[in-house]
Amino acid sequence: MTARELPVVSKKIIVMRIISFFWLTGKIISWRLWTTDRLFPLVPPFDFLRISSPAHLLLFIASLTGLALLFLFPAKKIFQITVIAVEILSCLFDQNRWQPWEYEYIFIITAFIFNPGNDERALKTILFILISTYFYSGLGKMN
């Protein structure tokens, strides 16, 4: 059986597992960005968004747990929504976390959330997200 012959549901599950695996790997590699154990300061977009160091660690652990659960159960919408909520909340507490790969992963998971019955449209949306990211990054190099 070739990849073109796989049912759309299987493609969605495969894509979700790939995304969650590499997102989890990226977060583990950049663990200092998600905790307060680093040389550069935390920069929340607003002063009222300052939280304690253990809260940052708790959000990081929640994110890792959510991504691991999303890898194991990629079709569960509750894990998709939880991961997105934890990531957005974590990024609200530090602008340094607004990395291109972070919001690219958020957009990809969101594409699956907003296209529940139409997996082909979700996959086309993901293609658009990837093309837009690389097109914008190419435009940035023209400077």
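By convention here, the first residue in the shown sequence is residue 1.
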Would you indicate whether the side-chain heavy atoms of [Y] and [X] approach each other to under 4.5 Å?
X: F107; Y: L130; result: no
X: E87; Y: Y103; result: no
X: L33; Y: N96; result: yes
X: W23; Y: I109; result: yes
X: K12; Y: P74; result: no
X: T65; Y: V86; result: no
X: L67; Y: F79; result: no
X: W34; Y: H56; result: no

Looking at every non-hydrogen atom in both residues, tell me the closest pair between [X] and [Y] and how far apart they are.
X: I113; Y: K77; result: O-NZ, 3.5 Å
X: N115; Y: R121; result: OD1-NE, 2.9 Å
X: R17; Y: L72; result: NH2-O, 3.3 Å
X: A111; Y: A122; result: O-CB, 3.8 Å
X: Q95; Y: P45; result: NE2-CA, 3.0 Å
X: R38; Y: R32; result: CD-O, 3.3 Å

Residues that Y134 engages under ring pair (Phe, Tyr, Trp, His ring centres under 6.0 Å), provided they are two or more places apart: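 Checked Y134 against ring pair (Phe, Tyr, Trp, His ring centres under 6.0 Å); zero matches.
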Not counting sequence neighbours, which residues clear ring pair (Phe, Tyr, Trp, His ring centres under 6.0 Å) with F48? List them please.
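Testing F48 for ring pair (Phe, Tyr, Trp, His ring centres under 6.0 Å), a comparison that skips the adjacent residues, returns F46.
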Nearest-0.5 Å distance, [atom1] of residue [X] to [atom2] of residue [Y]:
X: Y105; Y: F22; atom1: OH; atom2: CZ; value: 7.0 Å
X: F128; Y: I131; atom1: CZ; atom2: CD1; value: 8.5 Å
X: F93; Y: I88; atom1: CZ; atom2: CD1; value: 12.5 Å
X: T110; Y: I81; atom1: OG1; atom2: CD1; value: 9.5 Å
X: D94; Y: L42; atom1: CG; atom2: CG; value: 5.0 Å
X: S20; Y: L69; atom1: OG; atom2: CG; value: 10.0 Å

According to a hydrophobic-cluster definition based on side-chain heavy atoms being under 4.5 Å apart (Ile, Leu, Val, Met, Phe, Trp, Tyr only), do [X] and [Y] belong together?
X: F112; Y: L127; result: no
X: V83; Y: W98; result: no
X: F21; Y: I28; result: yes
X: L123; Y: I14; result: yes
X: F40; Y: F60; result: yes

For a side-chain contact (heavy atoms from CB on, under 4.5 Å) check, start with the C-alpha distance between Q80 and M16, then their side-chain angles and the critical distance, and finish with the verdict. CA-CA 9 Å; Q80 296 170 5; M16 192 68 74; 3.2 Å; yes
| query | Any side-chain donor-acceptor pair under 3.5 Å between W31 and T35? | reply |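 Distance-only check fails for W31 and T35.
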Kindly say whether L59 contributes a backbone atom to a donor-acceptor pair with the side chain of S63 at under 3.5 angstrom?
->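 Absent.
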